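For reference, the structure discussed in these notes is given below.
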Protein chains: 2
Amino acid sequence: MQGAYYYGDKTFKIGECRPTAPGDDEVRLDVAFCGVCGTDVHIYHGVMDKRIGPPQIIGHEASAVVSEIGSAVENVKVGDRVSIRPLRFGAQHPFDKGNPHIGKHLQFIGIDSPGAFQQSWTVPGYTCHHLPETLSLELGALIEPLAVACHDVRRGRVRSGERVLVMGGGPIGVLIAFVLREKGASVMVSEVNEARLQMLKKWNFETVNPITENLVDRVSAFTKGAMVDAVFEVSGSAAAAKSMTDLLCARGRIIMVAIHGNGPQPIDLFKFFWSELELIGARLYEEEDYEEAIALADAGNIPLQELITSIRSLSEIQGVFEEIDDNPDGLKYLINCQE
Amino acid sequence: MQGAYYYGDKTFKIGECRPTAPGDDEVRLDVAFCGVCGTDVHIYHGVMDKRIGPPQIIGHEASAVVSEIGSAVENVKVGDRVSIRPLRFGAQHPFDKGNPHIGKHLQFIGIDSPGAFQQSWTVPGYTCHHLPETLSLELGALIEPLAVACHDVRRGRVRSGERVLVMGGGPIGVLIAFVLREKGASVMVSEVNEARLQMLKKWNFETVNPITENLVDRVSAFTKGAMVDAVFEVSGSAAAAKSMTDLLCARGRIIMVAIHGNGPQPIDLFKFFWSELELIGARLYEEEDYEEAIALADAGNIPLQELITSIRSLSEIQGVFEEIDDNPDGLKYLINCQE
């Protein structure tokens with residue numbers, strides 16, 4: 001059995017990984033496909049080494065086939081095709097208020113413990129969600145990011161007929177745009193990369209390049225002067241944080257999906273007061289988001305296949321991460337963990 | 001008939017005001033009492049002269065008796081005792097999305113048009129809310145700020161059993177604290193003024209002085225480590241804006257009541273993402289907030305009488321504003337507009 005170990009300093013090495021027998025509540029999986037997340041690229045850049053503790057196997061956007069189950073596992077059986085919700089819930093803390101997915105003791109599988117870039121992976125049984133027979137294992141590896149999008153849209157309370165701006169047209173931004181369309185919203189996507197803009201146009205999204213165009217004017221024209229009901233901030237850029245409060249109608253909502261990790265940003269609190277705006281944080285997903293994502297993927301209205309830039313074998317993982325660094329046009333790279 | 005004209009440069013002058021016959025949809029009121037709002041003090045300081053256009057009569061926290069009604073007015077009759085919701089709704093704008101109280105064309109009566117610091121005042125009939133016989137006209141002048149508090153608490157979706165921090169123990173902060181208590185919340189108030197802290201303690205609120213105490217530690221102790229479910233930011237201070245994101249549990253809500261008018265403030269957006277926090281703007285009030293405020297005032301559980309620092313005659317208005325400037329311990333000054 002093989003696994004891709006991250007060694008720090010932008011380096012993966014393929015090595016042996018010994019299959020781990022599942023505990024009573026665990027399952028052992030033959031990983032099928034695992035997508036490369038923006039977080040994995042951050043890890044590759046070395047900024048999370050302290051949390052990761054290299055050498056370590058990362059990866060958390062996985063589909064798999066169940067190969068062995070613990071004695072207490074009841075939700076899946078050997079041979080089931082599943083998508084994995086990579087959250088290990090720790091002891092409840094009073095802070096959590098019944099929200100374990102953002103709990104104090106949450107551990108993220110693939111960051112805080114070994115991930116899916118390996119042939120055999122052992123995880124808690126409750127992390128497994130069944131994939132319908134009609135959904136491929138390739139698309140099963142897109143359930144995790146699609147569940148993020150479902151969660152973000154749910155947190156944003158978007159209703160049919162609303163007009164929405166998504167800031168940032170990377171994989172998550174694109175998936176949010178598609179989920180919003182499924183909800184009946186009219187969607188504009190703000191993105192600076194020309195290749196991504198072309199893809200978004202091909203999918204019939206309204207687009208705007210905030211560097212070459214006046215964002216406020218474009219949003220105003222898109223909404224006939226009303227401005228948008230919701231802004232999804234997915235870009236993580238300081239410019240987006242600065243402008244997001246200028247783009248909303250009365251009681252407009254900003255959904256904060258991006259990780260603004262470089263310290264506090266200047267935010268115009270007066271606008272929140274004046275027009276009763278809302279800023280809503282959204283992180284990860286809950287069980288129902290996975291179920292919704294699987295149903296949406298299976299329904300087939302979202303062209304998920306077109307989001308896949310490339311599918312490569314586990315042995316090629318080093319080259320894949322190097323290519324992602326060199327190819328800002330790409331969207332989603334999948335690793336075939338059995339090849 | 002007399003009125004108090006604001007002339008700019010911290011100056012009021014008592015002058016004649018001619019009663020204005022009501023239009024078809026209007027009522028003429030004999031103003032009973034009108035409270036002095038923080039906004040009136042801002043106006044007195046000259047910072048809103050451009051919007052006010054002195055000389056002008058200001059004042060908007062009024063109780064009154066109806067003295068004359070227009071031909072189309074049906075909701076009140078001559079002799080009715082009322083509290084006034086001082087909002088003139090302009091034409092709807094697409095931006096408003098059915099929220100006229102924060103609409104593009106909203107005009108605030110007492111700022112954008114003549115206010116209540118006069119004996120006779122003519123306003124749209126729909127602005128009048130009946131006061132029960134059991135509620136005095138003095139307390140009727142507190143309905144406007146109490147409706148602000150009701151609106152803020154409603155926007156904050158506070159539920160019974162929640163623990164809440166109110167930042168700022170001025171009149172609005174105190175009223176929010178009392179409304180929160182009526183909803184079944186446990187309330188801590190953060191305030192720097194020692195006299196106000198003593199009043200808050202007398203009313204059995206948990207208190208904290210964020211200058212002499214560690215706010216995070218006190219909130220943690222108050223909530224047994226969980227941190228609060230909601231923070232009402234009523235202080236308008238940069239220090240409060242900086243610390244507010246450190247005080248909440250998972251999915252905690254910040255209700256932005258204060259006017260942060262000095263430009264953007266540094267806000268830690270990462271915390272919104274990480275713990276799914278929410279920032280919710282709250283401004284003014286809607287019809288139902290007035291009805292709730294009147295019901296709460298009439299129920300008598302909130303010691304509104306104790307919030308009244310002083311009641312003075314219209315002719316004393318100049319001295320009242322000077323005293324407010326010199327007395328940071330005071331809460332609510334009322335002007336008796338018939339004396």
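A note on names: the letters A, B, ... follow the listed sequences, proteins ahead of strands, and every chain is numbered from 1. Note that the coordinates shown come from a computational prediction; the quantities given were computed from them, not determined experimentally.
Counting heavy-atom pairs under 4.5 Å between each of A:E233, A:H151, A:M227, A:K104 and chain B puts A:H151 at the top. With chain A as the partner, the residue from B:A282, B:G225, B:A241 showing the most heavy-atom pairs under 4.5 Å is B:A282. The candidate from A:K97, A:M256, A:K242, A:K271 with the greatest count of non-hydrogen atom pairs under 4.5 Å with chain B is A:K97. The most heavy-atom pairs under 4.5 Å with chain A, out of B:S275, B:G103, B:G263, B:G261, come from B:S275. Most heavy-atom pairs under 4.5 Å with chain B, from the set A:G98, A:A226, A:G252: that is A:A226. The candidate from B:V257, B:I259, B:I255, B:I267 with the greatest count of non-hydrogen atom pairs under 4.5 Å with chain A is B:I267. Annotation: maximal heavy-atom pairing with chain A below 4.5 Å, among B:P94, B:A250, B:G236, occurs at B:A250.
Ring geometry for B:Y290 versus B:H129: interplanar angle of 30 to 60°, hence tilted.
A:L277 touches chain B through its backbone: at least one of N, CA, C or O sits under 4.5 Å from a heavy atom, while the side chain does not. Interface remark: A:L248 contributes backbone atoms only to the contact with chain B (heavy atom separation under 4.5 Å). In this structure, chain B has a heavy atom under 4.5 Å from the backbone of A:D96, while its side chain stays farther away.
Atom CG of B:D217 has more than 12 neighbouring heavy atoms from other residues, nucleotides or ligands inside a 6.0 Å radius.
Distance alone, capped at 3.5 Å, places no donor-acceptor pair between the B:N99 side chain and the B:H101 backbone. Although no hydrogens or angles enter the test, the distance criterion places a donor-acceptor pair under 3.5 Å between the side chain of B:R218 and the main chain of B:T207.
A salt bridge does not link A:D229 with A:R253: every distance from a Lys NZ or Arg NE/NH1/NH2 to an Asp or Glu carboxylate oxygen is 4.0 Å or more.
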Report the C-alpha distance between A:R155 and B:E276 in whole Å, list the side-chain angles of each, state the deciding distance to 0.1 Å, and finish with yes or no for salt bridge (Lys or Arg N to Asp or Glu O under 4.0 Å). CA-CA 9 Å; A:R155 289 281 295 159; B:E276 297 196 335; 3.7 Å; yes

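Here the shortest heavy-atom pairing between B:Q265 and A:L269 reads CG-CD1, 3.8 Å.
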